[in-house]
> 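Please see the structure below; I have some questions.
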Protein chains: 2
Amino acid sequence: MNIKKFSEVTNLTTYTIRYYEKMGLLKNISRNNSGHRWFTEKDIVWIAFIKRLKDTGMPLEEILQYAELREQGNSTSEQRMQMLQEHALKLEENITEQQLNLEKLQQKITYYSEVIKLQ
Amino acid sequence: MNIKKFSEVTNLTTYTIRYYEKMGLLKNISRNNSGHRWFTEKDIVWIAFIKRLKDTGMPLEEILQYAELREQGNSTSEQRMQMLQEHALKLEENITEQQLNLEKLQQKITYYSEVIKLQ
DNA sequence: ACTTGACTTAGAGTTAACTCTAAGTTGTAG
DNA sequence: CTACAACTTAGAGTTAACTCTAAGTCAAGT
């Protein structure tokens, strides 16, 4: 598919897609015979994974490191696994923290509803 | 306490504290007789709340709106409660999403450990 | 009196992650 | 064969949230 279609499928703007390619997150994107990018299923899967890492708070620079290890093939599996393990641990901690934050907010909301009742 | 001490207590740099004041998040900070800011317990509590909103993904602009309602006194309690309710809802959704993300990452880690075992 | 160090201000600089512009090329429809 | 839309590139501009600089004031210690 062309970049327009890919941008619809991935929900990224064409700007962002080219930016990701320029910074090295997307490699070996094939081109059709008029020099335009041609994206495939594999690219969709890879972008989905990038988005998951990003949405869970991994900075693009770190995702780039992962991408570069991936580029080097199977010999880097262990390093990549380790990156994911560390990230998953941070994520777990973050979820716990957010659950506490949510509780505190709900307490404050309850407090507000008491105050409003008395007005 | 002076800004140095306040920065230690709140874990914000003095730059950030002045920035928050300049943008309107901190109002009516008192001054000592040489014109230096003088922070109190109330300011610590308020900063802690700002940080909670920020850490749960609320942009400073929105926190500023909240701060301005707060400034206007009790008549805005209902609006503030509504802001918090909407925010808490988003946070709840986000936590659910992150839990799914964590599961997916853990699946990937499991997959990696299988691959590595076979190498 | 003078140095030192913490404070003050306005405003400039930085960083991450986009987002856009300008100038040019290519493929298809009329 | 010409208009037009979609693509290409390099590089500039934007936004949020800081982060720092420069130039100055002030209080305490020697």
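Throughout, protein chains are lettered first and strands after them, A, B, ... in sequence-line order, and every chain is numbered starting at 1.
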> Is B:Met23 reachable from B:Ile63 through a run of I, L, V, M, F, W or Y residues, each pair having side-chain heavy atoms under 4.5 Å apart?
yes
> With side-chain hydrogen bond (donor to acceptor under 3.5 Å, both in side chains) as the rule and sequence neighbours excluded, what pairs involving residues 86-96 of chain A come up?
A:Thr56-A:His87
> Can you tell me if A:Glu78 has over 12 outside heavy atoms packed within less than 6.0 Å of its CD?
no
> Exactly one of A:Trp38, A:Trp46, A:Phe39 should register a ring pair (Phe, Tyr, Trp, His ring centres under 6.0 Å) with A:Phe6. Which one does?
A:Phe39
> Using heavy-atom distances to pick each residue's nearest nucleotide on DNA chain C, tell me which of B:Glu21 and A:Asn32 is more 5'.
B:Glu21
> Can you say whether the rings of A:Phe49 and A:Tyr66 are parallel (under 30°), tilted (30 to 60°) or perpendicular (over 60°)?
tilted
> Polar atom pairs between nucleotides 4-7 of chain C and protein, under 3.5 Å, N or O only, would you list them?
| unit_1 | atom_1 | unit_2 | atom_2 | d |
| --- | --- | --- | --- | --- |
| C:dC7 | OP1 | B:Asn2 | ND2 | 3.0 |
| C:dC7 | OP1 | B:Lys4 | N | 3.3 |

> Using a strict heavy-atom distance below 4.0 Å, which residues from residues 50-62 of chain B are in contact with DNA chain D?
B:Lys54, B:Pro59, B:Leu60
> Applying ring-ring contact (aromatic ring centres under 6.0 Å, His included), can you list everything that pairs with A:Tyr20, at least two apart in sequence or on another chain?
none
> Specify the closest pair of heavy atoms between B:Met81 and A:Ile109, including all atoms of both residues, with the distance to one decimal.
SD-O, 3.8 Å
> Side-chain donor-acceptor pair under 3.5 Å between A:Glu71 and A:Asn28, yes or no?
yes
> Using the test ring-ring contact (aromatic ring centres under 6.0 Å, His included), find all partners of A:Tyr19 that sit at least two apart in sequence or belong to another chain.
none
> Specify the closest pair of heavy atoms between B:Thr110 and B:Ser113, including all atoms of both residues, with the distance to one decimal.
O-OG, 2.7 Å
> Tell me, please, the opening and closing nucleotides of DNA chain D, 5' to 3', among those with an atom under 4.0 angstrom from a non-hydrogen atom of chain A.
D:dC7 to D:dG11
